[in-house]
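Reminder, nothing fancy here: chain letters follow the sequence lines and each chain counts from 1. What you see is a predicted model, and the numbers here were worked out from it, not measured in a lab.
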2 protein chains.
Amino acid sequence: MVKKRIRNPRREESLSRAQIVQASIELLDINGEDGLTFRALSERLVTGAGAIYGHVANKNDLLTAACDAIVARTLEGCAAKKTPKSNLRVIALGLFDALDAHPWVGSALMRAEIHRPMVRILERVGQQVRALGIAREQEWATVAALMNYIIGVATQNAANGQNASKRGIDREEFLGSIADAWLQLDQREYPFTHSVAELLPSHDDRVDFLSGIDLILNGIDAAKRRQR
Amino acid sequence: MVKKRIRNPRREESLSRAQIVQASIELLDINGEDGLTFRALSERLVTGAGAIYGHVANKNDLLTAACDAIVARTLEGCAAKKTPKSNLRVIALGLFDALDAHPWVGSALMRAEIHRPMVRILERVGQQVRALGIAREQEWATVAALMNYIIGVATQNAANGQNASKRGIDREEFLGSIADAWLQLDQREYPFTHSVAELLPSHDDRVDFLSGIDLILNGIDAAKRRQR
DNA sequence: ACCTGAACACCGTTCAAGT
DNA sequence: ACCTGAACACCGTTCAAGT
(Lines give C-alpha, C1' and ligand atoms only; values in the text may rest on other atoms or scores of the structure.)
Protein backbone atom coordinates (compact mmCIF):
# COMPACT_ATOMS: atom_id res chain seq x y z
CA MET A 1 0.00 0.00 0.00
CA VAL A 2 1.36 3.31 -1.04
CA LYS A 3 1.11 6.13 1.44
CA LYS A 4 -0.37 9.16 -0.20
CA ARG A 5 1.27 12.32 1.04
CA ILE A 6 -1.41 14.87 1.71
CA ARG A 7 -0.02 18.32 1.28
CA ASN A 8 -1.89 21.26 2.73
CA PRO A 9 -3.35 23.63 0.15
CA ARG A 10 -1.45 26.74 -0.69
CA ARG A 11 -2.43 29.79 1.38
CA GLU A 12 -4.53 32.23 -0.63
CA GLU A 13 -3.28 35.60 0.51
CA SER A 14 0.47 35.93 0.63
CA LEU A 15 2.26 36.65 3.86
CA SER A 16 3.34 40.16 4.76
CA ARG A 17 6.27 41.23 6.89
CA ALA A 18 3.94 43.23 9.15
CA GLN A 19 1.82 40.13 9.76
CA ILE A 20 4.90 38.11 10.67
CA VAL A 21 6.20 40.81 13.02
CA GLN A 22 2.83 41.12 14.77
CA ALA A 23 2.58 37.36 15.28
CA SER A 24 6.14 37.39 16.67
CA ILE A 25 5.22 40.08 19.19
CA GLU A 26 2.27 38.01 20.34
CA LEU A 27 4.42 34.91 20.80
CA LEU A 28 7.07 36.89 22.68
CA ASP A 29 4.47 38.46 24.95
CA ILE A 30 2.95 35.09 25.78
CA ASN A 31 6.03 32.94 26.28
CA GLY A 32 8.97 35.31 26.54
CA GLU A 33 12.17 35.17 24.54
CA ASP A 34 12.05 31.39 24.12
CA GLY A 35 8.49 31.59 22.79
CA LEU A 36 9.66 32.85 19.41
CA THR A 37 10.56 29.89 17.21
CA PHE A 38 10.03 29.42 13.50
CA ARG A 39 7.94 26.34 14.22
CA ALA A 40 5.58 28.12 16.62
CA LEU A 41 5.46 31.09 14.29
CA SER A 42 4.65 29.08 11.16
CA GLU A 43 1.95 27.22 13.07
CA ARG A 44 0.38 30.49 14.22
CA LEU A 45 0.54 31.89 10.70
CA VAL A 46 -0.70 28.61 9.17
CA THR A 47 2.19 28.34 6.77
CA GLY A 48 5.47 26.50 6.28
CA ALA A 49 8.55 27.44 8.27
CA GLY A 50 10.49 28.26 5.13
CA ALA A 51 7.92 30.75 3.87
CA ILE A 52 8.89 33.18 6.62
CA TYR A 53 12.37 33.51 5.16
CA GLY A 54 10.89 35.23 2.15
CA HIS A 55 10.07 38.25 4.30
CA VAL A 56 12.70 38.15 7.01
CA ALA A 57 16.45 37.55 6.80
CA ASN A 58 16.82 35.43 9.93
CA LYS A 59 15.75 35.15 13.54
CA ASN A 60 17.80 38.11 14.70
CA ASP A 61 16.25 40.31 12.04
CA LEU A 62 12.84 39.18 13.20
CA LEU A 63 13.53 39.94 16.85
CA THR A 64 14.90 43.37 15.96
CA ALA A 65 11.83 44.13 13.84
CA ALA A 66 9.50 43.12 16.69
CA CYS A 67 11.46 45.28 19.11
CA ASP A 68 11.45 48.18 16.67
CA ALA A 69 7.68 47.99 16.28
CA ILE A 70 7.18 48.31 20.05
CA VAL A 71 9.68 51.17 20.37
CA ALA A 72 8.15 53.06 17.43
CA ARG A 73 4.62 52.74 18.83
CA THR A 74 5.80 53.83 22.26
CA LEU A 75 7.65 56.92 21.08
CA GLU A 76 4.72 57.95 18.87
CA GLY A 77 2.69 58.16 22.07
CA CYS A 78 5.17 60.59 23.63
CA ALA A 79 4.52 63.91 21.93
CA ALA A 80 7.09 66.59 22.72
CA LYS A 81 4.89 69.48 23.78
CA LYS A 82 6.34 70.93 26.99
CA THR A 83 9.78 71.78 28.34
CA PRO A 84 12.72 69.58 27.34
CA LYS A 85 13.08 68.25 30.89
CA SER A 86 9.44 67.32 31.13
CA ASN A 87 9.55 65.78 27.66
CA LEU A 88 12.50 63.66 28.70
CA ARG A 89 10.58 62.42 31.73
CA VAL A 90 7.62 61.49 29.52
CA ILE A 91 9.86 59.59 27.09
CA ALA A 92 11.65 57.82 29.94
CA LEU A 93 8.43 56.77 31.65
CA GLY A 94 6.88 55.70 28.35
CA LEU A 95 9.78 53.36 27.67
CA PHE A 96 9.78 52.16 31.27
CA ASP A 97 6.16 51.08 30.98
CA ALA A 98 6.57 49.60 27.49
CA LEU A 99 9.45 47.40 28.62
CA ASP A 100 7.44 46.37 31.67
CA ALA A 101 4.58 45.28 29.40
CA HIS A 102 6.93 43.53 26.93
CA PRO A 103 9.86 42.24 29.01
CA TRP A 104 11.66 40.74 26.01
CA VAL A 105 12.19 44.20 24.47
CA GLY A 106 14.90 45.14 26.96
CA SER A 107 17.30 42.37 26.06
CA ALA A 108 16.51 42.74 22.36
CA LEU A 109 17.43 46.40 22.66
CA MET A 110 20.75 45.65 24.30
CA ARG A 111 21.81 43.05 21.73
CA ALA A 112 25.02 44.34 20.11
CA GLU A 113 25.12 46.95 17.35
CA ILE A 114 23.26 50.22 17.29
CA HIS A 115 20.12 49.12 15.49
CA ARG A 116 17.14 51.04 14.21
CA PRO A 117 15.20 50.90 17.48
CA MET A 118 18.19 52.35 19.30
CA VAL A 119 18.46 55.13 16.76
CA ARG A 120 14.81 56.03 17.35
CA ILE A 121 15.51 56.47 21.05
CA LEU A 122 18.77 58.30 20.35
CA GLU A 123 16.93 60.79 18.16
CA ARG A 124 14.13 61.49 20.64
CA VAL A 125 16.43 61.84 23.64
CA GLY A 126 19.00 63.77 21.60
CA GLN A 127 16.50 66.37 20.41
CA GLN A 128 15.46 67.15 23.96
CA VAL A 129 19.01 67.26 25.27
CA ARG A 130 19.94 69.66 22.48
CA ALA A 131 16.96 71.85 23.43
CA LEU A 132 18.48 72.13 26.89
CA GLY A 133 21.27 74.11 25.29
CA ILE A 134 24.38 72.48 26.68
CA ALA A 135 27.83 72.56 25.08
CA ARG A 136 28.26 70.36 22.02
CA GLU A 137 31.21 68.50 23.54
CA GLN A 138 29.00 67.37 26.41
CA GLU A 139 26.03 66.29 24.32
CA TRP A 140 27.17 62.81 23.45
CA ALA A 141 28.07 61.82 27.00
CA THR A 142 24.80 63.29 28.27
CA VAL A 143 22.66 61.43 25.77
CA ALA A 144 24.59 58.24 26.49
CA ALA A 145 24.06 58.64 30.23
CA LEU A 146 20.33 59.16 29.80
CA MET A 147 19.83 56.36 27.29
CA ASN A 148 21.81 53.81 29.25
CA TYR A 149 20.06 54.74 32.45
CA ILE A 150 16.61 54.50 30.88
CA ILE A 151 17.20 51.23 29.08
CA GLY A 152 19.28 49.64 31.81
CA VAL A 153 16.96 50.37 34.72
CA ALA A 154 13.79 49.70 32.72
CA THR A 155 15.17 46.36 31.53
CA GLN A 156 16.14 45.34 35.04
CA ASN A 157 12.73 46.32 36.35
CA ALA A 158 10.97 44.37 33.60
CA ALA A 159 13.13 41.32 34.30
CA ASN A 160 12.19 41.51 37.99
CA GLY A 161 8.51 41.58 37.16
CA GLN A 162 8.85 38.69 34.75
CA ASN A 163 10.87 36.56 37.14
CA ALA A 164 8.33 37.19 39.86
CA SER A 165 5.34 36.16 37.76
CA LYS A 166 7.24 33.16 36.41
CA ARG A 167 7.60 31.98 40.00
CA GLY A 168 4.01 32.84 40.79
CA ILE A 169 4.84 35.56 43.34
CA ASP A 170 4.57 39.34 43.22
CA ARG A 171 7.35 41.82 42.62
CA GLU A 172 7.84 42.61 46.29
CA GLU A 173 8.19 38.95 47.23
CA PHE A 174 10.69 38.45 44.43
CA LEU A 175 12.78 41.43 45.50
CA GLY A 176 12.56 40.07 49.04
CA SER A 177 14.16 36.81 47.91
CA ILE A 178 16.99 38.78 46.32
CA ALA A 179 17.39 40.80 49.51
CA ASP A 180 17.65 37.55 51.47
CA ALA A 181 20.43 36.35 49.18
CA TRP A 182 22.25 39.65 49.70
CA LEU A 183 21.99 39.33 53.46
CA GLN A 184 23.68 35.92 53.26
CA LEU A 185 26.83 37.51 51.85
CA ASP A 186 29.74 38.19 54.19
CA GLN A 187 28.89 41.43 55.98
CA ARG A 188 32.52 42.57 56.07
CA GLU A 189 33.06 42.00 52.35
CA TYR A 190 29.69 43.42 51.29
CA PRO A 191 28.80 46.23 53.71
CA PHE A 192 27.04 48.42 51.16
CA THR A 193 24.99 45.59 49.70
CA HIS A 194 23.94 44.56 53.22
CA SER A 195 22.83 48.06 54.08
CA VAL A 196 20.63 48.48 51.01
CA ALA A 197 19.14 44.97 51.10
CA GLU A 198 16.38 45.99 53.50
CA LEU A 199 15.28 48.87 51.30
CA LEU A 200 15.12 46.74 48.16
CA PRO A 201 11.72 45.02 48.53
CA SER A 202 9.76 48.12 49.50
CA HIS A 203 11.17 50.67 47.10
CA ASP A 204 8.92 52.17 44.45
CA ASP A 205 10.47 51.33 41.10
CA ARG A 206 8.90 54.15 39.13
CA VAL A 207 9.71 56.81 41.72
CA ASP A 208 13.33 55.66 41.99
CA PHE A 209 13.55 55.51 38.22
CA LEU A 210 12.42 59.10 37.85
CA SER A 211 14.69 60.40 40.58
CA GLY A 212 17.63 58.89 38.69
CA ILE A 213 16.56 60.80 35.59
CA ASP A 214 16.49 63.99 37.65
CA LEU A 215 19.94 63.25 39.01
CA ILE A 216 21.37 63.15 35.50
CA LEU A 217 19.43 66.28 34.50
CA ASN A 218 20.95 68.03 37.53
CA GLY A 219 24.37 67.04 36.29
CA ILE A 220 23.52 68.75 33.03
CA ASP A 221 22.54 71.92 34.86
CA ALA A 222 25.79 71.86 36.80
CA ALA A 223 27.75 71.52 33.56
CA LYS A 224 25.83 74.45 32.03
CA ARG A 225 26.50 76.62 35.07
CA ARG A 226 30.18 75.82 34.88
CA GLN A 227 30.55 76.78 31.22
CA ARG A 228 29.18 80.24 31.79
CA MET B 1 31.97 -9.39 12.41
CA VAL B 2 31.10 -7.77 15.66
CA LYS B 3 32.07 -4.14 16.08
CA LYS B 4 33.94 -3.72 19.30
CA ARG B 5 33.08 -0.42 20.91
CA ILE B 6 36.25 1.19 22.09
CA ARG B 7 35.53 3.42 25.02
CA ASN B 8 38.10 6.01 26.01
CA PRO B 9 39.77 5.36 29.34
CA ARG B 10 38.47 7.15 32.35
CA ARG B 11 40.23 10.46 33.10
CA GLU B 12 42.63 10.13 36.02
CA GLU B 13 42.20 13.42 37.82
CA SER B 14 38.64 14.50 38.33
CA LEU B 15 37.32 17.70 36.82
CA SER B 16 37.09 20.86 38.88
CA ARG B 17 34.64 23.70 38.49
CA ALA B 18 37.51 26.18 38.22
CA GLN B 19 39.00 24.18 35.33
CA ILE B 20 35.68 24.17 33.53
CA VAL B 21 35.17 27.91 34.03
CA GLN B 22 38.67 28.69 32.78
CA ALA B 23 38.18 26.58 29.65
CA SER B 24 34.85 28.34 29.06
CA ILE B 25 36.52 31.75 29.25
CA GLU B 26 39.06 30.65 26.69
CA LEU B 27 36.37 29.41 24.30
CA LEU B 28 34.37 32.61 24.73
CA ASP B 29 37.43 34.76 24.11
CA ILE B 30 38.29 32.86 20.94
CA ASN B 31 34.89 32.47 19.31
CA GLY B 32 32.53 34.80 21.16
CA GLU B 33 29.21 33.91 22.70
CA ASP B 34 28.52 31.11 20.20
CA GLY B 35 31.89 29.55 20.92
CA LEU B 36 30.72 28.13 24.23
CA THR B 37 29.04 24.76 23.61
CA PHE B 38 29.13 21.64 25.74
CA ARG B 39 30.58 19.73 22.81
CA ALA B 40 33.46 22.17 22.28
CA LEU B 41 34.00 22.37 26.01
CA SER B 42 34.09 18.61 26.58
CA GLU B 43 36.51 18.24 23.67
CA ARG B 44 38.81 20.89 25.15
CA LEU B 45 38.64 19.27 28.56
CA VAL B 46 39.05 15.75 27.08
CA THR B 47 35.93 14.43 28.76
CA GLY B 48 32.32 13.53 28.06
CA ALA B 49 29.70 16.22 27.68
CA GLY B 50 27.69 14.85 30.59
CA ALA B 51 30.59 15.03 33.02
CA ILE B 52 30.41 18.82 33.03
CA TYR B 53 26.95 18.68 34.58
CA GLY B 54 28.48 17.28 37.73
CA HIS B 55 30.08 20.67 38.42
CA VAL B 56 27.73 23.11 36.74
CA ALA B 57 23.93 23.33 36.80
CA ASN B 58 23.42 24.33 33.17
CA LYS B 59 24.74 26.57 30.43
CA ASN B 60 23.45 29.75 32.00
CA ASP B 61 25.17 28.91 35.28
CA LEU B 62 28.38 28.33 33.33
CA LEU B 63 28.19 31.66 31.49
CA THR B 64 27.48 33.50 34.72
CA ALA B 65 30.43 31.81 36.42
CA ALA B 66 32.75 32.77 33.56
CA CYS B 67 31.49 36.34 33.68
CA ASP B 68 31.89 36.42 37.45
CA ALA B 69 35.49 35.26 37.23
CA ILE B 70 36.39 38.12 34.87
CA VAL B 71 34.56 40.72 36.99
CA ALA B 72 36.17 39.48 40.21
CA ARG B 73 39.67 39.58 38.71
CA THR B 74 39.05 43.04 37.30
CA LEU B 75 37.79 44.56 40.53
CA GLU B 76 40.64 43.02 42.51
CA GLY B 77 42.97 45.09 40.33
CA CYS B 78 41.15 48.30 41.29
CA ALA B 79 42.32 49.05 44.83
CA ALA B 80 40.43 51.91 46.51
CA LYS B 81 43.25 54.08 47.72
CA LYS B 82 42.41 57.67 46.77
CA THR B 83 39.36 59.92 46.78
CA PRO B 84 35.95 58.37 46.10
CA LYS B 85 35.66 60.17 42.77
CA SER B 86 39.03 59.03 41.58
CA ASN B 87 38.31 55.50 42.80
CA LEU B 88 35.09 55.49 40.81
CA ARG B 89 36.98 56.53 37.69
CA VAL B 90 39.49 53.71 38.22
CA ILE B 91 36.70 51.14 38.66
CA ALA B 92 34.84 52.45 35.61
CA LEU B 93 37.92 52.38 33.39
CA GLY B 94 38.91 48.95 34.70
CA LEU B 95 35.56 47.52 33.70
CA PHE B 96 35.64 49.38 30.37
CA ASP B 97 38.93 47.73 29.46
CA ALA B 98 37.90 44.31 30.76
CA LEU B 99 34.74 44.29 28.63
CA ASP B 100 36.76 45.44 25.65
CA ALA B 101 39.13 42.50 26.12
CA HIS B 102 36.25 40.03 26.71
CA PRO B 103 33.33 41.31 24.62
CA TRP B 104 30.99 38.49 25.71
CA VAL B 105 31.05 39.72 29.34
CA GLY B 106 28.81 42.70 28.61
CA SER B 107 25.82 40.74 27.41
CA ALA B 108 26.35 38.10 30.09
CA LEU B 109 26.23 40.88 32.67
CA MET B 110 22.98 42.27 31.31
CA ARG B 111 21.21 38.91 31.22
CA ALA B 112 18.19 39.19 33.55
CA GLU B 113 18.37 38.89 37.33
CA ILE B 114 20.86 40.60 39.59
CA HIS B 115 23.50 37.92 39.71
CA ARG B 116 26.69 37.64 41.71
CA PRO B 117 28.86 39.54 39.23
CA MET B 118 26.40 42.43 39.35
CA VAL B 119 26.49 42.42 43.14
CA ARG B 120 30.27 42.69 43.06
CA ILE B 121 30.01 45.83 40.97
CA LEU B 122 27.14 47.16 43.07
CA GLU B 123 29.25 46.81 46.20
CA ARG B 124 32.34 48.50 44.81
CA VAL B 125 30.45 51.39 43.25
CA GLY B 126 28.14 51.66 46.26
CA GLN B 127 31.00 51.97 48.74
CA GLN B 128 32.50 54.87 46.84
CA VAL B 129 29.17 56.62 46.37
CA ARG B 130 28.50 56.31 50.08
CA ALA B 131 31.91 57.83 50.79
CA LEU B 132 30.80 60.86 48.79
CA GLY B 133 28.34 61.50 51.60
CA ILE B 134 25.10 62.10 49.72
CA ALA B 135 21.60 61.69 51.17
CA ARG B 136 20.46 58.10 51.64
CA GLU B 137 17.34 58.58 49.53
CA GLN B 138 19.53 59.52 46.58
CA GLU B 139 22.03 56.70 46.91
CA TRP B 140 20.12 54.05 45.04
CA ALA B 141 19.38 56.19 42.00
CA THR B 142 22.97 57.43 41.95
CA VAL B 143 24.46 53.96 42.07
CA ALA B 144 22.01 52.79 39.41
CA ALA B 145 22.94 55.71 37.15
CA LEU B 146 26.65 54.97 37.49
CA MET B 147 26.34 51.21 37.06
CA ASN B 148 24.07 51.40 34.05
CA TYR B 149 26.26 54.00 32.41
CA ILE B 150 29.42 52.00 32.99
CA ILE B 151 28.03 48.66 31.85
CA GLY B 152 25.92 50.08 29.02
CA VAL B 153 28.58 52.20 27.40
CA ALA B 154 31.36 49.66 27.97
CA THR B 155 29.23 46.91 26.43
CA GLN B 156 28.39 49.01 23.41
CA ASN B 157 32.04 49.92 22.95
CA ALA B 158 33.11 46.28 23.21
CA ALA B 159 30.45 45.25 20.69
CA ASN B 160 31.73 47.89 18.28
CA GLY B 161 35.27 46.58 18.56
CA GLN B 162 34.12 43.01 18.08
CA ASN B 163 31.93 43.80 15.10
CA ALA B 164 34.79 45.68 13.51
CA SER B 165 37.30 42.86 13.90
CA LYS B 166 34.71 40.32 12.76
CA ARG B 167 34.47 42.27 9.51
CA GLY B 168 38.21 42.68 9.29
CA ILE B 169 38.18 46.46 9.67
CA ASP B 170 39.20 48.77 12.48
CA ARG B 171 36.93 50.50 14.98
CA GLU B 172 36.98 53.82 13.12
CA GLU B 173 35.97 52.20 9.83
CA PHE B 174 33.18 50.33 11.56
CA LEU B 175 31.84 53.46 13.22
CA GLY B 176 32.11 55.14 9.83
CA SER B 177 29.79 52.53 8.35
CA ILE B 178 27.27 53.21 11.11
CA ALA B 179 27.58 56.94 10.49
CA ASP B 180 26.84 56.32 6.80
CA ALA B 181 23.69 54.44 7.71
CA TRP B 182 22.63 57.32 9.94
CA LEU B 183 23.15 59.81 7.16
CA GLN B 184 20.80 57.81 4.94
CA LEU B 185 17.93 58.45 7.35
CA ASP B 186 15.44 61.19 6.53
CA GLN B 187 17.07 64.42 7.63
CA ARG B 188 13.77 65.96 8.74
CA GLU B 189 12.79 62.99 10.87
CA TYR B 190 16.27 62.43 12.31
CA PRO B 191 17.93 65.86 12.67
CA PHE B 192 19.86 65.05 15.84
CA THR B 193 21.15 61.71 14.55
CA HIS B 194 22.28 63.43 11.34
CA SER B 195 24.16 66.11 13.23
CA VAL B 196 26.12 63.69 15.40
CA ALA B 197 26.86 61.17 12.64
CA GLU B 198 29.98 63.03 11.52
CA LEU B 199 31.44 63.06 15.02
CA LEU B 200 30.88 59.35 15.55
CA PRO B 201 33.88 57.81 13.74
CA SER B 202 36.50 60.15 15.16
CA HIS B 203 35.43 60.35 18.78
CA ASP B 204 37.70 58.91 21.47
CA ASP B 205 35.71 56.21 23.23
CA ARG B 206 37.64 56.26 26.48
CA VAL B 207 37.62 60.05 26.77
CA ASP B 208 33.87 60.24 26.07
CA PHE B 209 33.28 57.42 28.51
CA LEU B 210 35.08 59.25 31.30
CA SER B 211 33.38 62.56 30.63
CA GLY B 212 30.02 60.78 31.06
CA ILE B 213 31.17 59.52 34.45
CA ASP B 214 32.08 63.09 35.40
CA LEU B 215 28.67 64.30 34.26
CA ILE B 216 26.96 61.95 36.69
CA LEU B 217 29.38 62.85 39.46
CA ASN B 218 28.52 66.52 38.84
CA GLY B 219 24.87 65.65 39.28
CA ILE B 220 25.76 64.18 42.65
CA ASP B 221 27.53 67.39 43.66
CA ALA B 222 24.51 69.42 42.60
CA ALA B 223 22.24 67.19 44.69
CA LYS B 224 24.56 67.61 47.70
CA ARG B 225 24.61 71.37 47.33
CA ARG B 226 20.82 71.45 47.20
CA GLN B 227 20.33 69.47 50.39
CA ARG B 228 22.42 71.90 52.45
C1' DA C 1 31.27 8.19 43.10
C1' DC C 2 32.19 9.84 38.94
C1' DC C 3 33.02 9.73 34.06
C1' DT C 4 31.53 8.29 29.10
C1' DG C 5 29.07 9.11 25.09
C1' DA C 6 24.87 7.67 22.67
C1' DA C 7 20.19 9.16 22.60
C1' DC C 8 16.45 12.54 22.95
C1' DA C 9 13.89 16.49 21.98
C1' DC C 10 14.48 20.32 20.39
C1' DC C 11 16.56 24.43 17.44
C1' DG C 12 17.50 27.75 12.82
C1' DT C 13 17.98 27.31 8.15
C1' DT C 14 17.86 25.29 3.42
C1' DC C 15 15.86 23.63 -0.70
C1' DA C 16 13.57 20.25 -3.83
C1' DA C 17 9.00 19.65 -4.84
C1' DG C 18 4.67 21.42 -5.53
C1' DT C 19 1.00 25.02 -7.10
C1' DA D 1 6.72 33.71 -7.90
C1' DC D 2 5.83 31.95 -3.77
C1' DC D 3 4.54 28.51 -0.47
C1' DT D 4 5.22 23.66 1.70
C1' DG D 5 7.45 20.76 4.78
C1' DA D 6 11.02 17.19 5.00
C1' DA D 7 15.88 17.16 5.72
C1' DC D 8 20.25 18.83 7.63
C1' DA D 9 23.47 20.19 10.92
C1' DC D 10 23.52 21.63 14.86
C1' DC D 11 22.08 22.59 20.05
C1' DG D 12 21.44 21.58 25.69
C1' DT D 13 20.46 17.95 28.56
C1' DT D 14 19.72 13.18 30.27
C1' DC D 15 20.96 8.70 31.67
C1' DA D 16 22.24 3.72 31.13
C1' DA D 17 26.48 1.67 30.98
C1' DG D 18 31.00 1.44 32.35
C1' DT D 19 35.19 1.90 35.72
Side-chain angles (χ1 to χ4, degrees), chain A residues 2-25 27-28 30-67 104 107-108 111-112 166, chain B residues 2-25 27-28 30-67 104 107-108 111-112 166:
Chain A
V2 180
K3 265 197 192 148
K4 187 83 183 285
R5 276 243 152 283
I6 299 165
R7 191 175 245 256
N8 279 347
R10 204 165 195 280
R11 70 186 347 266
E12 289 175 17
E13 293 182 51
S14 69
L15 282 169
S16 77
R17 187 175 160 101
Q19 240 171 53
I20 295 171
V21 169
Q22 184 53 37
S24 300
I25 290 173
L27 282 174
L28 288 160
I30 296 169
N31 293 319
E33 201 123 19
D34 300 338
L36 180 61
T37 69
F38 280 83
R39 280 164 181 78
L41 193 54
S42 61
E43 194 175 345
R44 182 170 262 256
L45 291 167
V46 197
T47 183
I52 297 163
Y53 283 88
H55 303 84
V56 143
N58 52 43
K59 186 171 182 180
N60 196 55
D61 180 33
L62 186 53
L63 186 62
T64 303
C67 174
W104 51 273
S107 58
R111 232 173 246 306
K166 203 187 296 171
Chain B
V2 180
K3 265 199 192 145
K4 187 78 180 287
R5 277 244 153 282
I6 300 165
R7 192 176 243 259
N8 277 348
R10 203 164 196 283
R11 67 182 357 261
E12 290 174 17
E13 292 182 51
S14 69
L15 281 169
S16 78
R17 187 175 160 100
Q19 240 172 53
I20 294 171
V21 169
Q22 184 53 38
S24 300
I25 291 172
L27 282 174
L28 288 160
I30 295 168
N31 292 319
E33 202 122 17
D34 300 337
L36 180 61
T37 70
F38 280 82
R39 281 163 179 80
L41 193 54
S42 60
E43 194 176 344
R44 181 170 264 255
L45 291 166
V46 195
T47 184
I52 296 164
Y53 282 87
H55 303 85
V56 143
N58 52 43
K59 187 172 180 178
N60 195 55
D61 180 33
L62 186 53
L63 186 62
T64 303
C67 174
W104 51 273
S107 58
R111 231 174 247 304
K166 205 187 293 170

* Atom-pair distance (CD on B:E33; C1' on C:dG12), nearest Å -> 17 Å

* Asked: Between C:dC3 and B:N8, is there an OP1 or OP2 to side-chain N/O distance shorter than 4.0 Å?
  -> no

* Watson-Crick or G-U pairs under 3.5 Å in DNA chain D, rendered as dot-bracket with [ ] for crossing pairs and | for another strand -> ||.|||||...|||||.||

* Asked: Considering residues at least two apart in sequence or located in another chain, which fulfil the side-chain contact (heavy atoms from CB on, under 4.5 Å) criterion with A:A49?
  -> A:S42

Could you list the donor-acceptor pairs under 3.5 angstrom formed between side-chain atoms of residues 16-25 of chain B and any protein atom two or more places apart in sequence or on another chain?
| from | atom 1 | to | atom 2 | distance (Å) |
| --- | --- | --- | --- | --- |
| B:S16 | OG | B:Q19 | N | 3.0 |
| B:R17 | NH1 | B:H55 | O | 3.1 |
| B:R17 | NH1 | B:D61 | OD2 | 3.4 |
| B:Q22 | OE1 | B:R73 | NH2 | 2.9 |
| B:Q22 | NE2 | B:E26 | OE2 | 3.2 |
| B:S24 | OG | B:I20 | O | 2.8 |

* Over how many whole Å does the gap from B:N60 atom CG to D:dG12 atom P extend? -> 12 Å

* Can you tell me how far CG of B:L15 sits from OG1 of B:T47, rounded to the nearest 0.5 angstrom? -> 5.0 Å

Below 3.5 Å, can you tabulate the donor-acceptor pairs from side chains in residues 31-41 of chain B to any protein atom, sequence neighbours excluded?
| from | atom 1 | to | atom 2 | distance (Å) |
| --- | --- | --- | --- | --- |
| B:E33 | OE1 | B:S107 | OG | 2.9 |
| B:E33 | OE2 | B:S107 | OG | 3.4 |
| B:E33 | OE2 | B:R111 | NH2 | 2.8 |
| B:T37 | OG1 | B:A40 | N | 3.0 |

* Tell me: CG of A:L63 to P of C:dT13, nearest whole Å? -> 12 Å

* Structure fact -> Heavy-atom closest pair (A:L63 atom, A:W104 atom, distance to 0.1 Å) is CD1-CE3, 4.3 Å

* To do: Scan residues 47-59 of chain B against DNA chain C and write down, sorted by residue number, each residue with any heavy atom closer than 4.0 Å; if none is found, say none.
  => B:T47, B:G48, B:A49, B:G50, B:A51, B:H55

* To do: To the nearest Å, give me how far apart CG (B:L27) and P (D:dC11) are.
  => 12 Å

* To do: Using heavy atoms and a sub-4.0 Å distance, could you list which residues of residues 38-45 of chain A are near DNA chain C? By number, please.
  => A:F38, A:R39

* Structure fact -> In whole angstroms, the gap separating P of C:dC2 from CZ of B:R17 amounts to 15 Å

* Asked: Rounded to whole angstrom units, what separation is found between the CG atom of B:L15 and the P atom of C:dA1?
  -> 18 Å

